[in-house]
Number of protein chains: 2
Amino acid sequence: MIGEFEYLLIAASHRLGEDAYGASIRREVEAATERPCSIGSLYTTLDRLEAKGLVTTWMGEATSQRGGRAKRMVTVTAKGIEAASIFYRAISKVSRDISWEAQCPLSQE
Amino acid sequence: MIGEFEYLLIAASHRLGEDAYGASIRREVEAATERPCSIGSLYTTLDRLEAKGLVTTWMGEATSQRGGRAKRMVTVTAKGIEAASIFYRAISKVSRDISWEAQCPLSQE
DNA sequence: TTATAACCTCTACAATGTAACACTAATGAT
DNA sequence: ATCATTAGTGTTACATTGTAGAGGTTATAA
């Protein structure tokens, strides 16, 4: 089973489609989690996902804009979609009927 | 951030309410993931959740039924609900607009 | 020719996930 | 009585994931 962070990367990549590459995925993940995602975490996990065949990556062309370094593009494989699907289904299933929010107006310890 | 398995335990415990204890939580997790959940995984993770203050556990009475050993009862703390909520929100947010299922009728490699 | 911007790589370590195996305490059957 | 069976829990060790830090490349802008 893939982990939580792995799922975040796969889902973010899938959402981004053609525009999925290291830095954009990172921004997407940060937007979803509302907390910083370190560069190291991201590429390390991307490497692992690729090793497991859940995503494919390749280096794009350098673009002609300030800092236009070549990007590491990402595509989720069918196997990756399958893994994400299983993960998501499990989370959804165990969470059915639960509404985490609004449990306690003022979160007390 | 809590991990995926930790989330499964918290959510299952929360769903079970008064009936949450080791073995019942295990069954709930297995139902959600559709795969076996080893005993060791369960208690090890339960210990960690308790150490982090995300759940409270205590030993119940032995019941008078075959194999009626004392159960380790579990309650999710406010802090645990908070953590689960954050996890769930992140997953939901990054998954918005994605429908994993029905991507490919016959999952090809 | 130096600053700044946008990106990627590598290394090491901490936290989580997981299985195997062992143990306890009750009932039911012989 | 004693032995199998059922329902539970605990411990240890190791594999997999999560995460940060520091450094390196390639481009434009000043």
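Chain A is the first sequence line, chain B the second, and so forth, proteins listed ahead of strands; every chain is numbered from 1.
Minimum interatomic distance between A:L9 and A:S13 (heavy atoms only, all atoms of both residues): O-OG, 2.7 Å. Across B:H14 and B:V76, no two heavy atoms sit closer than the pair N-CG2, 3.9 Å.
For A:M1, whose side chain is taken as the heavy atoms from C-beta onward, the closest listed nucleotide among C:dT18, D:dT9, C:dC7 is C:dT18. Taking the side chain of A:F5 as heavy atoms from C-beta on, and the options D:dT9, C:dC7, D:dT19, the nearest nucleotide is D:dT19. Of the listed nucleotides (D:dT19, C:dC7, C:dT18), C:dT18 has the atom at the smallest distance from the side chain of B:T44. Proximity note for B:R35 (side chain, C-beta onward) versus D:dT9, C:dT18, D:dT26: the nearest is C:dT18. Here the nucleotide nearest the side chain of B:E6, chosen from D:dT19, C:dG17, C:dT18, is C:dG17.
The OH-C1' distance, from A:Y21 to C:dT9, rounds to 17 Å in whole Å. To the nearest angstrom, C1' of D:dT16 lies 12 Å from CD of B:E4. If you take CZ of B:F87 and P of C:dT16, they are 12 Å apart, rounded to a whole angstrom. For the pair A:E61 CD and D:dT25 C1', the interatomic distance rounds to 16 Å; values are reported in whole Å. In this structure, A:L46 places its CG atom 13 Å from P of D:dG18, rounding to the nearest Å. One atom, CG of B:L49, and another, P of C:dT18, lie 13 Å apart when rounded to the nearest Å. B:E30 has its CD atom 15 Å from the C1' atom of C:dG17, to the nearest Å. For the pair A:R26 CZ and D:dG21 C1', the computed distance is 12 Å after rounding to whole Å.
Each of A:G40 and A:I2 was matched to the nucleotide of DNA chain D holding its nearest heavy atom; the match closer to the 5' end belongs to A:I2. When each of A:Q65 and A:R48 is assigned the nucleotide of DNA chain C bearing its nearest heavy atom, the one mapping closer to the 5' terminus is A:Q65. Two residues, B:T63 and A:D47, neighbour DNA chain C, and the one matched to the more 5' nucleotide by heavy-atom proximity is A:D47.
Under 4.0 angstrom from either OP1 or OP2 of C:dA19 there lies at least one side-chain N or O belonging to B:S38. Distances shorter than 4.0 Å separate none of the side-chain N or O atoms of B:K52 from OP1 or OP2 on C:dA15. Side-chain N/O atoms of B:Y43 include none lying less than 4.0 angstrom from OP1 or OP2 on D:dT11. Considering only side-chain N and O atoms, B:S41 lies nowhere under 4.0 angstrom from the phosphate OP1 or OP2 of C:dG17.
Within 4.0 Å (heavy atoms only), B:R27 reaches sugar-phosphate atoms of the nucleic acid but no base atom. Residue-level contact check: A:G22 touches the backbone only, with heavy atoms under 4.0 Å from sugar-phosphate atoms and none from bases. As judged by a 4.0 angstrom heavy-atom cut-off over every strand, B:I39 is placed among the base-contacting residues.
The aromatic rings of B:F87 and A:F87 sit tilted, their planes meeting at an angle between 30° and 60°.
Heavy atoms of other residues, nucleotides or ligands lying less than 6.0 angstrom from CZ of A:R96 number more than 12.
For B:S38 (side chain) and B:S41 (main-chain N/O), a donor-acceptor pair under 3.5 Å exists by modelled atom type.
Just one residue in the list B:R26, B:E34, B:E28 forms a side chain to side chain contact (heavy atoms under 4.5 Å, CB included) with B:E30, and that residue is B:R26.
Evaluation of atom-type donor-acceptor distances gives a pair under 3.5 Å for the side chain of B:R66 against the base of D:dT5.
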